Trainee: 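Handing you a structure now.
Just so we're clear, the structure is a prediction, and the values are computed from it rather than from any experiment. Quick note on labels: first sequence line is chain A, next is B, and so on, each numbered from 1.
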Amino acid sequence: MTLTRRGLRLCAGLLVTGAIGLTGCGADPAKRAAVAPASGSPTPARVFKPGAAGIGDPYFPTYGNGGYDVGRYALKVRYDPAKDRLTGTTTVQATATMDLSSFNLDLAGLTVRSVTVDGAPAGHARKGDELVITPATGLTSGNGFIAEISYDGEPRALKNEVLGEGGFLHTDDGAIALGQPESASTWFPVNDHPSDKATYDVEITVPDGLTAVSNGVPRGKTSTGGWTTWKWAEGAPMASYLSTVVIGKFRLKTADHHGRPVFSAVTTDLPEGAADRSIARTVEVADYLESVFGPYPFDAYGGVVVSDTRIRYALETQSRPVYSAGFFRRGENTQVVAHELAHQWFGNSVALERWQDIWLNEGLATYAEWLWAEHTGGSTAQRAFDLGYARSSGQVWRTPPAGPGSPTCSASRSTSAAG
Amino acid sequence: MFGESVYQRGGMTVHALRVAVGDQAFFEILKTWPAEKRDANATTAEFVDLAERISGKQLDRLFDAWLYGTERPGQPRPL
């Protein structure tokens, strides 16, 4: 993620506010439920318990859920911008990692109409931003299951630290679902934490004339009765915050690069110019980064430029970053492209296990910007370091990158001393 | 959590590693990390382990100062 200059100003003073709801430094993920032997019974009885309402991230205790591992999401979503109304069906293919009597998904707002698990109607209840699903029979540890959730409503955004509103935003001509660290739960039920990656198949139906862009490989579009369905497939495991859908009026550019599709979209709010030229250099930047970091990790390339003033940043949404138009106001800008593309290796393909390690994403992506600048005849990486070393604020030196929001945890380094 | 430190000091940490281990080991680390962890999840501890394994150097003090310290570390030097 990269903030625009304007966005950077917004977050001054919020630099160490990350420890939202911090409950402890060493919290473990939910433990497997024990299989209790029943005395007098020939076979031990299994004890089915509710899955945890959080995946165990000390920085964000309510993010994600415990007791299962998602392999694939299949989303079918219809959005009517005129009414700001979303209707969706999400199919979650998962494997139980404990004997589950019920399990949670994260879902903010929206109304759940029906839930099935393995084809049978299942109970469902809402507790804040948690959807609690109780299947007709318990789910056995190690077994796969398929949950299908139908829902609708007027999507609402979430307040994100630093970034302002995150998640599904209704725009002038469509919508943008984007945000870090959370966004996905505003438009589909999800295990919303990067430690549970999954593949995605996304179908978005919008009024004819609008584009609906998401992650991965474009699978074509079909129109019927005034509505167009855009199909997308992300076949590499993806962290949920890297999912996106952007709906609106865009100039589209498609191509093929190394046998992979390139699909880019720039809002027609902008006259054709610096944003288009910058995004067009995506494959050139990706090829340079590939020479330094090894093979490009995904099946597609691209970029999306949006003009909604609530988006003051760029985010490395998988295979197709989304950029604020603000980055291109002063002309061509491939630094931000290099940053977001570097995340395809560092942050996306290699994803965080816990949010505290966010420097692994941002430090390496920043360094990639320095390498790209040097490669293109600008300042050297050494010079970038020297400037940062000489001029960084006291706040930077007081804030440990590997414990940015949790000073009380920063002393306890958990690395092994293996050398 | 998304403050300047994880970006700017994070980038400087990567450069400090480069100075400490030399270009050959450094660029091998940059290629090996995404190859070994492709499509997976990873932690800071695993990155430090990989850097130590590839460089053959003890990097605890470097990473302690750059990632966990609360004051400006000394100028990085080759180890």
Trainee: Side chains of B:Trp33 and A:Trp345: closer than 4.5 Å at any heavy-atom pair?
Mentor: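 Heavy-atom side-chain distance check fails, nothing below 4.5 Å.
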Trainee: To the nearest 0.5 Å, how far apart are CZ in A:Phe385 and OG1 in B:Thr13?
Mentor: 8.5 Å
Trainee: For chain B, which candidate among A:Ala368, A:Ala381, A:Ala384 shows the most heavy-atom pairs at distances under 4.5 Å?
Mentor: A:Ala381
Trainee: Please check this pair: side chain of B:Asn41 against backbone of A:Leu352, looking for a donor-acceptor N/O pair closer than 3.5 Å.
Mentor: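 Between the backbone of A:Leu352 and the side chain of B:Asn41 there is a qualifying donor-acceptor contact (under 3.5 Å).
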Trainee: With distance as the sole criterion, is a donor-acceptor pair present between the side chains of A:Asp357 and B:Thr43 under 3.5 Å?
Mentor: no
Trainee: Which answer fits B:Phe47, side chain, backbone, both or neither, if we ask what part of it has an atom under 4.5 Å from a heavy atom of chain A?
Mentor: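 Side chain only.
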Trainee: With a 4.5 angstrom heavy-atom cut-off, which part of B:Ala40 approaches chain A: side chain, backbone, both or neither?
Mentor: backbone
Trainee: Could you go through B:Tyr7 and A:Met1, starting from their C-alpha distance and side-chain angles, then the distance that decides it, and tell me whether this counts as side chain to side chain contact (heavy atoms under 4.5 Å, CB included)?
Mentor: CA-CA 10 Å; B:Tyr7 292 82; A:Met1 188 260 287; 3.4 Å; yes
Trainee: Which heavy-atom pair separates B:Thr70 from A:Pro400 by the least distance, and what is that distance?
Mentor: CG2-CG, 4.1 Å
Trainee: What residue in B:Gln75, B:Arg72, B:Glu71, B:Met12 has the most heavy-atom pairs under 4.5 Å with chain A?
Mentor: B:Arg72
Trainee: Pick from A:Pro237, A:Ala365, A:Ala236: which one has the most heavy-atom pairs with chain B under 4.5 Å?
Mentor: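 Looking at each of A:Pro237, A:Ala365, A:Ala236 in turn, A:Pro237 comes out on top.
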Trainee: Count the heavy-atom pairs under 4.5 Å between each of A:Gly394, A:Pro194, A:Ser195 and chain B, then report the option with the highest count.
Mentor: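 Of A:Gly394, A:Pro194, A:Ser195, A:Ser195 has the most heavy-atom pairs under 4.5 Å with chain B.
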Trainee: Quick check against the 3.5 Å criterion: does B:Ser5 have a side-chain atom that pairs as donor or acceptor with the backbone of A:Thr399?
Mentor: yes
Trainee: Given that the side chain runs from C-beta out, which part of A:Ala342 has a heavy atom under 4.5 Å from chain B: side chain, backbone, both or neither?
Mentor: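 For A:Ala342, no heavy atom lies under 4.5 Å from chain B.
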Trainee: Using modelled atom types only, decide if a donor and an acceptor are shared between the side chain of B:Lys31 and the backbone of A:Ser291 within a distance under 3.5 Å.
Mentor: yes
Trainee: Of the backbone (N, CA, C, O) and the side chain (C-beta and beyond), which part of A:Leu371 lies under 4.5 Å from a heavy atom of chain B, both, or neither?
Mentor: side chain
Trainee: Where on A:Leu364 is there a heavy atom nearer than 4.5 Å to chain B: the side chain, the backbone, both, or neither?
Mentor: both
Trainee: Examine the side chains of A:Trp359 and B:Thr44 and answer whether a donor and an acceptor come within less than 3.5 Å of each other.
Mentor: yes
Trainee: When you compare the side chain of B:Trp66 with that of A:Pro401, does any pair of heavy atoms fall below 4.5 Å?
Mentor: no
Trainee: Any donor-acceptor pair under 3.5 Å linking the side chain of B:Arg38 with the backbone of A:Val350?
Mentor: no
Trainee: Hey, mind stepping through A:Tyr389 and B:Gln8 against side chain to side chain contact (heavy atoms under 4.5 Å, CB included) and telling me if it holds?
Mentor: CA-CA 9 Å; A:Tyr389 191 79; B:Gln8 193 67 13; over 6 Å; no
Trainee: Quick check against the 3.5 Å criterion: does B:Arg9 have a side-chain atom that pairs as donor or acceptor with the backbone of A:Val396?
Mentor: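 Side chain of B:Arg9 to backbone of A:Val396: a pair is present.
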Trainee: Assign the ring pair A:Tyr367 / B:Phe26 to parallel, tilted or perpendicular, where the plane angle (0 to 90°) is split at 30° and 60°.
Mentor: perpendicular
Trainee: Please state whether the side chain, the backbone, both or neither of A:Gln382 comes within less than 4.5 Å of a heavy atom of chain B.
Mentor: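 Both backbone and side chain of A:Gln382 come within 4.5 Å of chain B.
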